Amino acid sequence: MNQPAPPPLPDDPSTAYFWEGTRAGELRILRCRSCGFYVHMPRPVCRNCQSMDLAGEKVSGKATLYAFTETHKAFHPFFVSRVPYLLATVELAEQPHLHFLTNLVGIAEADVRIGMQLEVAFEELSPEIVIPVFRPVAAMAEGSVAS
Amino acid sequence: MTVRTSNRRVAIVGVGYSQVARNSGLSERHHAAQAAIAALADAGLKAGDIDGVGTWGGDAVDFAWMMGFDRLKWSLNVGVSPAFITPAYHAVQAVAAGHADTVMAFRIMMQQPSSAALAAGGAMLGAPNPGDTQWQYPYGDFSPTQWAGLLMNRYMHESDCTEEHFAKFAEVQRNWALLNDNALQREALSAEQYLSMPYITKPLRILDCDYPCDSGSAVIFTTEERARDLQQPAVFVDAMALSAIHDMNFEILPDMVRTSPAHCAELLWSRTGLKPSDVSTAHLYDGFSVITLQWLEALGLCPPGQAGPFVAEGNTSLGGKVPTNTDGGAINVGRRHGANFCIEAVKQLRGQCGARQVEGADVSVWANAVGPFSGAMLLTKD
Ligand SMILES: [Zn+2]
């Protein structure tokens, strides 16, 4: 039996910056060119200064864990073989409360601690869909030693 | 020139449910008609007395024509919003302003597909903002149980609440349901049984979720003057509030503990002479159990961070300080999307709750939703 396909991306030119970024190994977040405020999820206007001049910009990929949950039930065919998996809300280092929903990888649920330091990594779901996921900074260091 | 409005005192005079059931096989119109007929009978009103309709689910004008209501002076269809409180809130405003005299507010809710159907690929849950799903679906985020799991974990991190407290909450709510003939879940449940259930989105278990079903609920609002001539003891709207603090992306709320209910409660108490200590019964949304705990704290019914121990110590049970969700909550009576909290509050204030009646109940608060948006209403006896 074929592995079911991941959920397709919508045809949305306004978010191409993000998906082109992940395919190039960069996490890009929409940023206001007038005041420097980061806006996620993307919107056509900056909620800090109401400028409509925004563009995707590479961020550091450093984050702090704000919340997590381990999903045990699959809600889509692609995820049947992936449960349980960790869904996490992380605060990106660039701005207070700049929350990003992601998967937490390289750690068991029992070891996860809210407030832990995380680093971005990239996972290819399909040639088109590369997602930024986050893993503990320590695991990142071990990974680089091994490679 | 200004719009002419009155400032009339508003009462609830009739409440009704459809034949609530799992996969009832009935249409939205069936559920609306059954709930409307029940609410009219409860009030002792005729269909022709209704001159305003608001609904979430189905169409207000369609329901009015189907039911033989009077020509409408006011109507409203609401979409994604804080559950039943939205049509109810605006119905109160329409009557208070004098733009309609006797208004019916509906919530018609059809059962959503099961997680098994979703996993098999035969169904998808609706998304409030389809464009935003590209930041959710690729990570396997599809179901409200997932943001609820995030909120639960963050809440436990910031408070004294533990999984054992959620277990006690489930037991307390079920104990209320055992006193309610209309509850769908009526088997005794212990905290130990709760803890033996598998996780859906750890720490969330199935008994933290409202019970999916098809339901129709209707509530009739009218003026104080008319209410005094009707057959039921009138229940008055003392104060109400709606709040919205964020778009619909629960998963990235800046603060998952002090969400919209904190703002809503502040608004509510600023609009009344009553205080949290005056509340006889509370009816607080339990789409997920953590929501009720957030509301207990937001409304000042218990100290911040203490809702878990507060429930476990019996304060929300029959005979407790603040009897809460006395019908058993939507976890047990089935998903009526907030309307059951309004209807149960009315029945407590009328003194019609039988074995689960809270003696001397004279002030009740009911509240809906969490996270981005919410609403609350304070009701009193005459
Ligand atoms: Zn700006």
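These figures come from a predicted structure and were not determined experimentally. Every chain is numbered from 1, with letters handed out A, B, ... down the list of sequences.
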Can you tell if the side chain of Met41(A) reaches within under 4.5 Å of the side chain of Ile252(B), non-hydrogen atoms only? yes

Of the non-hydrogen atoms in Ala67(A) and Arg154(B), which two are nearest, and what is the gap between them? CB-CB, 4.1 Å

Of the listed Asp12(A), Thr102(A), Leu101(A), Val80(A), the one with the largest count of heavy-atom pairs under 4.5 Å with chain B is Leu101(A)

At a heavy-atom separation under 4.5 Å, does Leu253(B) approach chain A through its side chain, its backbone, both, or neither? backbone

Using 0.5 Å steps for rounding, measure from the CD atom of Glu251(B) to the OH atom of Tyr66(A). 13.0 Å

Between His99(A), Glu109(A), Arg113(A), the one whose heavy-atom pairs under 4.5 Å with chain B are most numerous: His99(A)

For chain B, which candidate among Ile131(A), Val133(A), Leu9(A) shows the most heavy-atom pairs at distances under 4.5 Å? Ile131(A)

Contact check, side chains of His72(A) and Ile200(B), non-hydrogen atoms, under 4.5 Å: no

Where Ala120(B) and Pro77(A) come nearest, the two heavy atoms and their spacing: C-CG, 4.0 Å

Determine which residues belonging to residues 17-34 of chain A lie within contact range of chain B, meaning some heavy atom pair is under 4.5 Å apart, and list them by number or answer 'none'. Tyr17(A), Phe18(A), Trp19(A)

Is it true that Asp132(B) and Arg43(A) make a salt bridge, defined as a side-chain N closer than 4.0 Å to a carboxylate O? yes

Let me know if Phe78(A) has heavy atoms under 4.5 Å from chain B in its side chain, its backbone, both or neither. neither

Which members of residues 133-150 of chain B, sorted by number, sit under 4.5 angstrom from chain A on a heavy-atom basis? Gln134(B), Trp135(B), Gln136(B), Tyr137(B), Pro138(B), Tyr139(B), Gly140(B), Asp141(B), Phe142(B), Ser143(B), Thr145(B), Gln146(B), Gly149(B), Leu150(B)

Taking everything shown except Gln50(A) itself, do over 12 heavy atoms lie less than 6.0 Å from its CD? yes

Heavy-atom proximity to chain A below 4.5 Å, by part of Asn153(B): both

Within a strict 4.5 Å, meaning less than it, do heavy atoms of the Met256(B) and Thr89(A) side chains meet? yes

What part of Glu123(A) gets closer than 4.5 Å to chain B, counting heavy atoms only: side chain, backbone, both or neither? neither

What part of Asn103(A) lies closer than 4.5 angstrom to a heavy atom of chain B: side chain, backbone, both or neither? both

Counting heavy-atom pairs under 4.5 Å with chain B, the top scorer among Pro6(A), Pro84(A), Pro96(A), Pro42(A) is Pro42(A)

Taking atom CD1 as the centre, does Ile245(B) end up with more than 12 heavy-atom neighbours from other residues, nucleotides or ligands that are less than 6.0 angstrom away? yes

Please classify the contact between Arg82(A) and chain B as side chain, backbone, both or neither, with a heavy-atom cut-off of under 4.5 Å. neither

So, the part of Phe68(A) with a heavy atom under 4.5 Å from chain B: the answer is both

Greatest number of non-hydrogen atom pairs under 4.5 angstrom with chain B, of Leu125(A), Thr15(A), Ile129(A), falls to Thr15(A)

In terms of heavy-atom proximity below 4.5 Å to chain A, should Asp255(B) be classed as side chain, backbone, both, or neither? both

Kindly say whether Thr69(A) contributes a backbone atom to a donor-acceptor pair with the side chain of Thr201(B) at under 3.5 angstrom? no

